[in-house]
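Working notes for the structure below.
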Amino acid sequence: MDKIKSLTGMLDLYDDGDNSLLPAKLFYLEEKIKHIFKSYKLNEIRTPVLEDANLFIRSVGGASDIVNKEIYSFNDRNDKGIALRPEGTASVIRSIVEKKLDQSNHKLWYLGPMWRYERPQKGRYRQFNQAGVEILGIPEGMPEFEMISIVCSIITEFNLENCTIKINHLGNQKSKESFCNALIDFLEPHKKLLDEKDNQRLEKNPLRVLDSKNTNTQEILKNAPSMKEFLDSSSVNLLNSIKNEFSDICDIEIDYTLVRGLDYYSGFVFEAVSSNLGAQDSFLGGGRYDQLCAKLGGKNLPSIGMAIGLERFAELIEVNNLPEKVVSFIVVTGNLEPKAYKIAHQLRSLNKDIVLDIHLSEGSLKAKLRKANKNNSHYAIIIGEEELKANTAIIKPLKNELEEQKTVSIDDLHSFFKSL
Ligand code: HAM
């Protein structure tokens, strides 16, 4: 019978595959990121992965690539247009509006899979995971600082190198309008040289042309008016003061060409990029979106948020940096030895920070030690027939060549395990 294959761009994550250690890294990242979110007193929100397709059409916007060609949508049995969420912000605001939650002040986080029908490549998948933050109800000012503080905490907590936080401001209503008009005037004479996608952008949301990957367009844009010339002083001051306050913690760059790929942004925007990532170098992005709530039928709700792409973030973390201590538990007798499993059970309860990997399949000691090394184990605890009889175990160090292998009593094994 034919084998059924996974869908393009959808990863099966397991530790031995091409994406070696990705699940372990994601688990580690997610735990640590949640901890950081908690330290900012953010509350978790979980929304459904399926939404009314109109939610994203209205929020993420008709000029965005997401809505134009990347949304996963279908009609359900009732002929209702349904979409798999391509991002989390729209759902959070939909939930706040629908449940009529107190709109005064929310600080929220979420984590989960998102779907976009993109051309898959390294760092770009059709199903991927995001961890996001949304701070709702407070106008421009303090939340911008809080948001960049969260980004800096994440970058420093993971000791990420070669990272830059790019920041920009899309201006107030008036300056944005003047800049858009100047950009349209500049691009109109070059229309014939722009590709279809950039012409569409020019029509629907001219700012998005600045995000073009087309080299012709990029060449033309070299002489385009700069957003900087149009920004009001309070927007420029905000950018400068964020740069001044946080530059000693993280590399921060004001980039007046930075525009984001979703239509709902209105003021301060940012992205974190790493030169270690290749073409898809942005591992985190966000910004202010003060008009979204009203667009979704709610009141005016000034808001700002960001999302981290966890698969890209995982690329930045060295396997050796994974702090978990793994110990392999190897039973080498021909028979099933319940006593050995009881010993392993007791060890686990003695030190919950240690990962105890019991090697269940049959095989030689050599093969099991090879697996222990592959597992990144720090020690192997070996129990054979002799050890079972004498109530002892062998502790074999696998990482430290200076440490010697020793045979110890089960009581001493307990003490050793506790001390790890
Ligand atoms: P976004 O820039 O579209 O923003 O996505 C955030 C991050 O998700 C990106 O920086 C990237 O790391 C990751 N990402 C996006 N698409 C893919 C993909 N196809 N494969 C792998 N990773 C991907 C948002 O989603 C906004 N909702 C962020 C936000 C929250 N703005 C305000 N609040």
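Ligands are counted one by one from 1 in listed order, and the atoms in each one are counted from 1 as well.
- Every residue two or more places apart in sequence or in another chain was checked for a salt bridge (Lys or Arg N to Asp or Glu O under 4.0 Å) with Glu362, and none qualifies.
- Residues Ser234 and Asn237 bring no donor and acceptor atom of their side chains to less than 3.5 Å of each other.
- The two atoms that bring Asp251 and Cys163 nearest to each other are CB-O, 3.4 Å, heavy atoms only.
- Contacts between Ile304 and ligand 1, counted as non-hydrogen atom pairs separated by less than 4.0 Å, are absent for every part of the residue.
- Among protein heavy atoms, atom 20 (N) of ligand 1 sits closest to Tyr125 N, 3.0 Å.
- If you check which protein heavy atom lies closest to atom 13 (C) of ligand 1, you get Gly309 CA, 3.5 Å.
- What sits closest to atom 19 (N) of ligand 1 on the protein, heavy atoms only, is Glu118 OE2, 2.5 Å.
- For a threshold of 3.5 Å applied to N or O pairs, the pair formed by Arg124 and ligand 1 contains no separation below that value.
- Residue Pro120 places every heavy atom at 4.0 Å or more from ligand 1.
- Under 4.0 Å from ligand 1, the heavy atoms of Phe128 that appear belong solely to its side chain.
- At the shortest separation from atom 33 (N) of ligand 1 among protein heavy atoms lies Glu134 OE1, 2.8 Å.
- Of the options Arg85, Arg116, Glu271, the smallest heavy-atom separation from atom 15 (C) of ligand 1 is shown by Arg116.
- Looking at Glu311 next to ligand 1, no N or O pair under 3.5 Å apart turns up.
- Using 4.0 Å as the threshold, Ser282 has a heavy atom nearer than that to some atom of ligand 1.
- Here ring-ring contact (aromatic ring centres under 6.0 Å, His included) pairs that include residues 273-312, with residues two or more places apart or in two chains, are Tyr264-Tyr289, Phe283-Phe313.
- From the protein, the heavy atom lying nearest to atom 6 (C) of ligand 1 is Gln130 NE2, 3.3 Å.
- Because its NZ or CZ atom is both nearer than 6.0 Å to the ring centre of Tyr117 and within 45° of the ring axis, Arg126 counts as a cation-pi partner of that residue.
- Residue contact check for ligand 1: Phe313 places no non-hydrogen atom closer than 4.0 Å to it.
- Around atom 30 (C) of ligand 1, the closest heavy atom drawn from Leu292, Ile93, Val133, Thr89 belongs to Thr89.
- In this structure, the protein non-hydrogen atom closest to atom 1 (P) of ligand 1 is Arg260 NH2, 3.5 Å.
- When non-hydrogen atoms are compared, ligand 1 lies under 4.0 Å from the backbone of Met306 (N, CA, C, O) but not from its side chain.
- Of the N or O atoms in Gly88, none lie within a sub-3.5 Å distance of an N or O in ligand 1.
- In summary, the atoms of ligand 1 found under 4.0 Å from a heavy atom of Gly123, numbered by their order in the structure, are 20 (N), 21 (C), 22 (N).
- At a heavy-atom cutoff of 4.0 Å, ligand 1 is contacted by the side chain of Tyr264 but not by its backbone.
- Considering Lys166, Arg312, Arg260 as possible partners of Glu271, the one that fulfils the salt bridge (Lys or Arg N to Asp or Glu O under 4.0 Å) test is Arg260.
- At a 3.5 angstrom cut-off on N or O pairs, Tyr289 does not count as close to ligand 1.
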